[in-house]
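Order of appearance sets the numbers: ligands from 1, and atoms from 1 within every ligand.
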Amino acid sequence: MSLVTLSATELARKLAAREVSAVEVAREHLDAIFDRNADYGAFLHVCEEVAMDMAQSAQLRIDAGTAGPLAGVPIALKDNLSTRGIPTTCASRILEGYMPPYDATVVSKIREAGMVIVGKTNMDEFAMGTSTENSAFFPARNPVDVTRSPGGSSGGSAAAVAGFLSPLALGSDTGGSIRQPAALCGIVGFKPTYGRCSRYGLVAFASSLDQIGPLARTVEDAAVLSSLLTGPDLNENTSIQSGPTDVSTLKNGSLKGCRIGLPKQFFGDSMDAGVLSSVNLAIERFRAEGAEFVDLDLPSIQYGVTTYYIIAPAEASSNLGRFDGVRFGPQLEAAAGHIEMVERTRGQLFGHEVKARIMIGTYALSAGYYDAFYVKAIQVRDLMRTEFANAFESVDLVLGPTSPIPAFKLGELSGDPMALKLLDFCTIPANLLGAPAISIPCGHTNGLPVGLHLQADVGQDEKLLQYAFCAEQLLK
Ligand code: GLN
């Protein structure tokens, strides 16, 4: 059997039992990447030498009996995670050739765990997008159907995992960028509670919303990887004090008695009929298992996308100020001094969507508009917190589709930026709240995967993963 089709935990078991070596595992995955990356556009950079070195040292640790649970298992990293000595571009021309001098905390943890980094994955430029068509280099493609988008912005990570180029990948999620591509590619994507996974070394998009998390083919794989990456970090002042995600009881849960809320705002008219029937089938399956369903009315959800598109660009306009040809980015020559140099550098090296967001954010924060836009958005965010906190007094989970439509054709929606942005209405609330949420596979419509979205209250990552594990078994 081919090693690339095994899950991360199955690979880890074979590695620990010495049935395969870490070098063989790495070699097979690299061969698969060289074979199929041109079809999927999943990787921007493949680090063959680094991977083979890491595999060799992982094997030494496995042999010495000092290896952790995922030692020797390959992983792909979204290209906005800083990797010492490995290019990090955020799929932007402005960072082309940039080599970070340090590792993101999650990358250090991956090295400590003895995992094998195979490459950096394609994404929408600076994680701004929903289709990976905003990559400055080339779009990523959905392995289920390469004429379609894998979703975004972590589309390369999703394509790598769904296309059997890597059993695991990391993505970042600001408004749904881990969960939506996972849904469109038929895999699992998990966004932990804000602050559980250090953002140190993640190139910031919107700092109050960004969170790093795993893409995997099973809930167990996603959970085990999370347990290795989470925990407090002195380098990051929003990292919270709770310990690493505890997955020791992952398989002990049951949906019996689980109270699941169905906000009517997640089941609007924009939902594709095939997606709706897959989600309804899942609901019936869970009900048969003893789950109890509660109808919810959470009006703030309808303002989620608008609120997000004030807060995220506002934060981005400040975060992206550092790409000015002085601190970061190549310097484009200009005769008329510093200002013109910055204008040329940013004007020529940022893509269209990034520039649009910087302008929206600058506008929303400018004197005279600050109260009307930014302050209002913060108020809606507070309102949403109150509404969801009340809801979570009577439910354990909130359920909906991850995306209202399955994978769309490349180019199909790129002419209509509003249509793409509106797709995120089920995933954005978790970011505004800082809550944990996961997308798991939930059947197909016309041969295309459907994703089921489960969200828990802030801090309930362990409980969410337990329920998601049960749900996954029932939907298999
Ligand atoms: N699709 C959303 C956006 O374009 C979310 C992106 C993300 O989560 N990084 O901003």
(Q) Starting from atom 6 (C) of ligand 1, what is the nearest protein heavy atom, named by residue and atom, and what distance separates them? (A) S177 OG, 2.9 Å

Q | Region of E353 that comes within reach of ligand 1 [heavy atoms, distance under 4.0 Å] | A | neither

Q: Assess the side chains of T245 and S227: does a donor N or O sit below 3.5 Å from an acceptor N or O?
A: no

Q: May I ask you to check whether A127 has an N/O atom sitting below 3.5 Å from an N/O atom of ligand 1?
A: yes

Q: Working to the nearest 0.5 Å, report the span between CG of L250 and CD of E462.
A: 10.0 Å

**Q.** Ring centers of F164, Y40 separated by less than 6.0 Å
**A.** no

Q: Just let me know how S153 lines up against ligand 1, side chain, backbone, both or neither, with a heavy-atom cut-off below 4.0 Å.
A: side chain

(Q) Tell me whether the rings of H453 and F266 are parallel (<30°), tilted (30 to 60°) or perpendicular (>60°). (A) perpendicular

**Q.** atom 1 (N) of ligand 1 - nearest protein heavy atom and its distance
**A.** D424 OD2, 2.6 Å

Q: Using distance alone, decide if ligand 1 has a nitrogen or oxygen within less than 3.5 Å of any nitrogen or oxygen in Y309.
A: yes

Q) Is the shortest distance from a Lys or Arg side-chain nitrogen in R141 or D39 to a carboxylate oxygen in the other one below 4.0 Å? A) no

Q. Considering only heavy atoms of F205, which atoms of ligand 1 have at least one such atom less than 4.0 Å away?
A. 9 (N), 10 (O)

Q: Specify the protein heavy atom at minimum distance from atom 5 (C) of ligand 1: its residue, its atom name, and the distance to 0.1 Å.
A: Y308 OH, 3.2 Å

Q: Could you tell me whether F323 and F126 have their ring centroids closer than 6.0 angstrom?
A: yes

Q | Separation between CG of L448 and CD1 of I405, rounded to the nearest 0.5 Å | A | 10.0 Å

Q) Which atoms from ligand 1 have a heavy atom of G176 less than 4.0 Å away? A) 8 (O)

Q | Sidechain N-carboxylate O distance under 4.0 Å for R346, D324 | A | no

Q | G129 to ligand 1, any heavy atom closer than 4.0 Å | A | yes

Q | Part of F126 with heavy atoms under 4.0 Å of ligand 1, whether side chain, backbone, both or neither | A | neither

(Q) Less than 4.5 Å apart, side chain to side chain, heavy atoms only: is that true for S131 and F408? (A) yes

Q: Run the contact test for R357 against ligand 1 with a 4.0 Å cut-off on heavy atoms, strictly below, and give the result.
A: yes

Q) Is there at least one pair of N or O atoms, one from S172 and one from ligand 1, spaced under 3.5 Å apart? A) no

